[in-house]
Undergrad: 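First, the structure itself, so that you have it in front of you.
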Amino acid sequence: MDVTKLVKKAKKGNKEALLQLIMHQKDDYYRLAYTYLGNEHDALDAMEDTIVILYEKIGRLKKEDAFYSWSKTILVNCCKDILRKRKRWGFVEDMENVEKMKTAEKSTDNFFQQREQQLDIQQMLATLSEDQADAIRLKYLLDMDYESIAELKSVPIGTVKSRVFQGLKKLKVQMGGEVNEKY
Amino acid sequence: MRNIKDELKKTRKNIGDLQAPPQLEERLRSALDQKRRPTPFKWLSIAASIFLVLAVGVGMNYNAFAYYGKKMIGFDDITEGSLQEVNELGMGQIIGESVMLNDTTTLVIDGMMTDDNQAIVYYTLTDPTGGLDRAFEFFYPDKLTGWMTNNHATWSRGIVNKDNTEKKGIVSFDPPSPFAKKLTLHYAIESEERITGDLTFRYRPNEAIQSVVKQRINQTVAMDKGEVKFKSITASPMSTTVTGTLDVSNFSRIPLRLSGVKLVVDGETIPQTGGSERSSWTGKTNFEINYEGLPDEFSSIELHVDSFVGYKELNQEIDLRLVDENVVVDVGGEELWVEYVAIGPEQVEITIASEETFLLDRVFVAASESGERTELKTTKGHTHRKLEDGTYIRVRTMIFPTTDKVDTLIIGGIHYEKEYGKVIEVK
């Protein structure tokens with residue numbers, strides 16, 4: 001697939017070209033959104049918001065080959081918008097999740113355990129600073145390398161490394177583990 | 001004791017197994033379908049030209065070239081065609097207002113180039129410390145305001161030099177009111193957080209570039225699935241805009257839009273630079289097609305509707321037992337390959353490949369044994385494949401919700417790029 005050509009078309013307002021660009025990496029986008037939001041419903045909403053913003057702003061994208069990192073940055077921002085809205089609404093729901101987590105620890109059902117582990121991580125990430133949580137999500141949950149994260153977040157690699165390190169340190173303290181790893 | 005990295009790994013595995021749900025494509029497509037690009041407020045530019053004729057009192061022989069003379073320097077890399085030519089001739093107005101954006105970065109509005117179709121603001125960002133990297137890549141001038149003027153940016157373009165010390169940019173708006181003597185450029189900087197600001201400058205509406213043509217067309221062309229009405233043409237040496245309405249039911253079925261409408265002046269085709277459509281409350285779609293600017297003198301203007309979306313009625317039956325990926329099926333003059341037929345427990349999937357220029361309509365599968373017909377439910381997995389000769393074909397899978405032993409594919413018709421070859425004489 002010729003990304004540059006499609007981006008040029010999309011810049012001229014070709015919706016189909018934009019859609020193709022997204023569909024080409026649809027699982028990547030979806031996983032990214034899911035990592036932030038934790039459910040299919042919100043992840044699809046975030047992707048809808050994203051494609052509309054991309055359509056409106058793609059004319060301003062200067063380097064065609066930067067399309068993927070640029071569009072993922074926008075997706076991350078859309079996810080955060082949804083999280084912010086959810087924060088306003090979601091206090092009751094959050095408490096329910098904590099209850100569920102407690103019961104799930106005793107449950108032997110493997111499926112539920114997996115689901116709840118995921119919740120557990122999300123819950124723990126919520127205690128970090130936004131930048132640290134982002135860095136951990138992208139590095140450990142989406143398996144991205146430091147360079148790609150730096151590009152996506154528009155910060156130097158050193159900053160990403162330090163956020164990952166500080167984030168892990170905090171998480172380890174929470175889990176009661178040792179902090180002895182070197183970077 | 002649990003180890004945090006193990007926990008993260010487990011979660012990663014769960015996430016790595018995730019796949020985008022099948023309804024994603026449809027959701028994204030319908031989100032996009034509701035979106036139209038904004039088009040200009042026409043009454044403003046009409047008012048502008050009436051005012052110019054009344055207040056300045058100049059006719060078609062008004063010589064804009066002698067009036068100005070200064071060129072905006074350093075924008076050749078981001079402009080081309082007419083825009084570069086009018087700048088070369090010094091037809092813009094120099095502004096030179098500036099503001100500090102932070103301790104080291106300065107924004108300068110170098111000038112403006114205005115005609116009845118658009119107003120382009122030329123700006124420069126400078127930072128002697130070389131800090132114009134990613135942070136200011138996301139510098140967006142997004143609104144132009146003033147007396148009777150409140151216009152959002154329609155497009156923009158910019159380039160940062162190698163040392164990250166200078167960015168040259170242009171941004172286009174609908175033209176401001178002819179009564180506006182002061183304009184304010186609003187901008188946003190999107191980096192870690194969003195910062196907004198503005199800069200006000202003096203504007204001289206009488207220095208806008210004069211139109212060489214501004215007239216009604218009011219001619220209608222019949223298409224297979226409706227009609228297109230061309231309403232007006234407004235042209236200056238800087239740009240040309242043709243407006244109209246269209247009421248064509250299959251307009252958006254193939255990605256052709258209005259690119260097949262050519263502007264021909266004295267026998268020469270003027271390059272198309274863009275266009276937009278917006279549906280109006282009447283149910284019709286308003287459109288605008290943009291071309292490069294026109295010379296001062298010419299004797300004829302024609303619009304050639306070379307190609308536009310067409311529809312061909314087919315009702316063609318294809319025997320699925322006889323086709324495979326090596327057999328080219330002729331579908332109303334277009335070529336199609338059936339790559340794969342999968343009869344599953346709940347549905348039948350047929351993967352086809354074709355060139356990009358057409359779309360099948362009213363597609364069914366049928367089983368000759370039972371005589372049952374099943375209509376196409378959805379298509380999935382649109383991908384592009386490059387052939388050995390460098391051309392691209394589009395591959396997609398059609399899904400039919402049936403458990404019958406189907407053996408026939410029925411195609412009711414196709415939407416395709418049709419050569420209409422109609423000519424409208426404007427002047």
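Residue numbering restarts at 1 for every chain, and letters A, B, ... go by the order of the sequence lines.
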Undergrad: Let me know if A:N77 has heavy atoms under 4.5 Å from chain B in its side chain, its backbone, both or neither.
TA: neither

Undergrad: Given heavy-atom pairs under 4.5 angstrom as the criterion, report whether the side chain, backbone, both or neither of A:I22 touches chain B.
TA: side chain

Undergrad: Do the side chain of A:Q132 and the main chain of A:L125 share a donor and acceptor less than 3.5 angstrom apart?
TA: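 Not confirmed, A:Q132 side chain does not pair with A:L125 backbone.
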
Undergrad: Any donor-acceptor pair under 3.5 Å linking the side-chain atoms of B:T273 with those of B:N290?
TA: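 No, no side-chain donor-acceptor pair sits under 3.5 Å.
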
Undergrad: Looking at residues at least two apart in the chain, or sitting in another chain, which of them share a side-chain hydrogen bond (donor to acceptor under 3.5 Å, both in side chains) with B:T124?
TA: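 Per chain and number, B:T124 pairs via side-chain hydrogen bond (donor to acceptor under 3.5 Å, both in side chains) with B:D110, B:K168.
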
Undergrad: Considering only heavy atoms, which portion of A:M23 lies under 4.5 Å from any heavy atom of chain B: side chain, backbone, both, or neither?
TA: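 For A:M23, side-chain heavy atoms alone lie under 4.5 Å from chain B.
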
Undergrad: Which atoms of A:L54 come close to chain B, meaning under 4.5 Å heavy atom to heavy atom: side chain ones, backbone ones, both, or neither?
TA: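 For A:L54, neither part sits under 4.5 Å from chain B.
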
Undergrad: Cation over ring, B:R257 on B:F251, under 6.0 Å and within 45°?
TA: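 Verdict for B:F251: no cation-pi partner in B:R257.
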
Undergrad: Which residues pass the ring-ring contact (aromatic ring centres under 6.0 Å, His included) test with B:Y123, not counting sequence neighbours?
TA: B:F139

Undergrad: With a 4.5 angstrom heavy-atom cut-off, which part of B:R157 approaches chain A: side chain, backbone, both or neither?
TA: neither

Undergrad: Checking A:D2 against chain B: side chain, backbone, both or neither under 4.5 Å from a heavy atom?
TA: both

Undergrad: Would you mind telling me which of A:L44, A:V52, A:T50, A:T73 has the largest number of heavy-atom pairs within less than 4.5 Å of chain B?
TA: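 Top count of heavy-atom pairs under 4.5 Å with chain B: A:L44.
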
Undergrad: What part of A:E16 is in contact with chain B, defined as an atom under 4.5 angstrom from a non-hydrogen atom: side chain, backbone, both or neither?
TA: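 Only the side chain of A:E16 comes within 4.5 Å of chain B.
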
Undergrad: To the nearest 0.5 Å, tell me how far A:K26 NZ sits from A:Q20 CD.
TA: 12.5 Å

